[in-house]
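Just so you know, ligand 1 is whichever comes first in the structure, and atom 1 is the first atom listed for that ligand.
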Amino acid sequence: MAGRIPQQFIDDLLNRVDIVEVIDSRVPLKKKGKEYSACCPFHSEKTPSFTVSQNKQFYHCFGCKANGSAIGFLMEYEHLSFPDAIEELARSQGIEVPYEGGQRPDPEVKKAQTDLYDLMQQADQFYQQQLRQHADAQTAVNYLKERGLSGEVAKDFGIGFAPDGWDNLIKAIGNTPEREKALVTAGMLIKKDNGKCYDRFRDRIMFPIRDRRGRCIAFGGRILPKEQPNDKDAKYLNSPETPLFHKGRELYGLYEARQALRDIPRLMVVEGYMDVVALAQFDVRYAVATLGTATTADHLQRLFQLTSEVVFCFDGDRAGKDAAWRALQMCLPEMRDGRETRFMFLPDGEDPDSYIRKIGKEAFELEVKKSQTFSEYLFKQLTDEADISGIGGRAKLVETARPMLSQMPEGIYRKLMFEQLEKIGRVELSSPQAATSNRFKTARQSAKNTKTSMTPVRKAITYLLHQPGVAKNWMDTGRNTEVLKTLDLPGMDLLLEVLEILRVHPDLSTSALIERWRETPNGSHLTKLAAEQPELDDSSALEIEFIAVMDALNKQSVDLRYDDLQARLDHSTLNDAEMAEYKMLLQQIYVAKSASKPDE
Ligand SMILES: [Zn+2]
């Protein structure tokens with residue numbers, strides 16, 4: 001495919017770079033035994049659970065389960081695309097990335113994107129300059145002063161001013177047809193039917209929205225207070241979705257929080273930019289805001305990568321409570337052990353900005369710490385809504401809660417939540433519901449047991465991932481996958497696929513091997529197996545164990561196939577090829593038997 005990076009190049013590149021160096025230059029590592037470790041850059045922690053294996057060329061965090069190759073690390077840590085991560089690694093080695101067909105796909109698109117970042121930066125500078133210099137900026141400055149904003153915080157957040165008028169930005173930075181077009185793409189200008197453009201943001205206080213690398217990717221604009229407000233103008237206006245800005249992924253203030261805090265104790269999700277900025281003014285630097293959308297799964301993942309506690313701050317009214325319940329449901333799959341979510345409801349008529357000004361930082365933070373935890377809020381909400389004095393209400397409660405709790409990841413937290421639900425069931429009612437929940441408990445436990453026992457196929461794949469070199473040694477003994485192909489076991493296709501790749505490329509590292517399944521369902525399965533603590537630390541013990549597992553699988557397929565052929569031989573329905581296979585198997589079985597009983 002034209003524009004693709006050849007697999008061979010990716011293999012070679014991963015062989016050439018050392019993941020320890022790649023990570024160490026960004027996150028300083030300490031050597032610990034055979035591996036290297038550090039506090040995880042993807043979640044907040046005090047004791048290191050992030051480990052890097054030089055052998056496997058693979059990183060893994062026991063806390064948040066982040067894992068992958070050097071390419072995967074750069075994609076996650078620097079927020080690069082797959083080709084960009086490869087470009088970055090290649091650059092560090094002083095080599096050029098070849099593209100099939102000679103060219104990187106859509107170099108135009110790439111260049112256009114660079115230009116967009118550049119233009120957004122210019123727009124950012126323009127608005128900040130207008131706040132300082134424009135004759136009409138006084139209303140904006142007064143408004144910010146009234147809200148108690150210092151020049152320092154305004155600067156930290158890059159707050160600016162878009163003057164009234166239809167073409168201020170066009171005149172300042174959109175003075176060629178190309179630039180005008182790019183500004184439309186970036187969402188800064190709106191194109192009319194007659195082809196003419198005008199500024200999207202007019203007479204507004206401007207809040208630049210920055211990505212994780214601090215680049216301005218969009219804006220939020222707040223309308224200025226007016227004597228005669230025009231109802232048609234929305235109070236807050238955001239950039240539309242653009243190639244740079246996806247509002248379901250970005251959080252206002254996240255970059256600034258990371259800049260201000262070394263260790264992020266918690267992140268608090270509030271409603272608007274002004275709340276974030278006002279809280280920062282009171283030295284509460286951990287607030288972020290979603291941008292005109294409810295909290296998404298992407299948002300949550302991003303938040304939990306940086307901290308272990310997320311606090312949602314809502315208005316105490318009906319709309320706030322509905323939003324909180326939606327946020328709670330979104331959190332369920334993210335509630336791993338070690339994470340906490342809190343729900344804070346403000347008194348009527350207050351927003352975080354007005355509230356902290358009224359009660360001060362200390363009292364505000366006390367409220368944060370006292371706010372309802374995930375389990376408190378969930379069970380309170382459920383018991384409030386169901387009439388638990390009656391059987392119907394209690395049944396409804398259990399029926400509502402059970403599928404919700406089932407969405408939580410396996411772990412102690414989830415277990416405790418189920419226990420709590422059972423407790424509510426047992427206390428409030430006698431047999432039927434309690435029996436149901438006990439049955440669920442048993443089902444959960446047995447599901448867990450199957451999960452921990454490793455099938456031979458899974459074992460074989462895990463050994464291959466931990467030490468890809470065993471494949472070659474195994475093949476060198478004259479063994480092959482011929483008979484295995486007939487064995488219909490879960491995961492067998494994947495095992496054969498891994499073996500086939502290692503037959504052609506016997507020297508692949510763990511990470512290069514896994515890279516081949518990037519973005520496929522098997523990919524995450526394989527990275528999980530690769531990250532599993534090896535039960536066999538010794539490399540020759542692992543090789544012996546691998547051969548034993550493969551031999552067992554082979555024997556199983558030989559036996560099955562032999563039985564099948566034997567049964568059909570009795571009805572003489574074997575063709576020549578099958579007859580030959582039958583004889584071959586017979587011989588194998590004979591050899592195996594005589595090998596196990598050398599005295600006979
Ligand atoms: Zn982690």
request  = Start with the C-alpha distance between Glu88 and Arg91, add both sets of side-chain angles, then the distance that settles salt bridge (Lys or Arg N to Asp or Glu O under 4.0 Å), and finish with yes or no.
outcome  = CA-CA 5 Å; Glu88 175 72 26; Arg91 199 160 31 241; 3.1 Å; yes
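Excluding water, every protein N/O/S atom under 2.8 Å from the Zn ion (ligand 1) is given here by residue and atom: Cys40 SG, His43 ND1, Cys61 SG, Cys64 SG.
For residues 61-74, every residue pair satisfying the side chain to side chain donor-acceptor pair (under 3.5 Å) rule, not counting sequence neighbours, is listed here: Ser69-Glu515. The side chain to side chain donor-acceptor pair (under 3.5 Å) analysis of residues 489-501, with sequence neighbours excluded, yields the pairs Glu497-Trp517, Glu500-Arg503.
Annotation: Tyr59 is in aromatic contact with Phe50 [ring centroid separation under 6.0 Å].
Using a 4.0 Å cut-off between charged nitrogen and carboxylate oxygen, Glu365 and Lys369 do not count as a salt-bridge pair.
Scanning for side-chain contact (heavy atoms from CB on, under 4.5 Å) contacts around Pro265 gives Leu261, Tyr286, with sequence neighbours left out.
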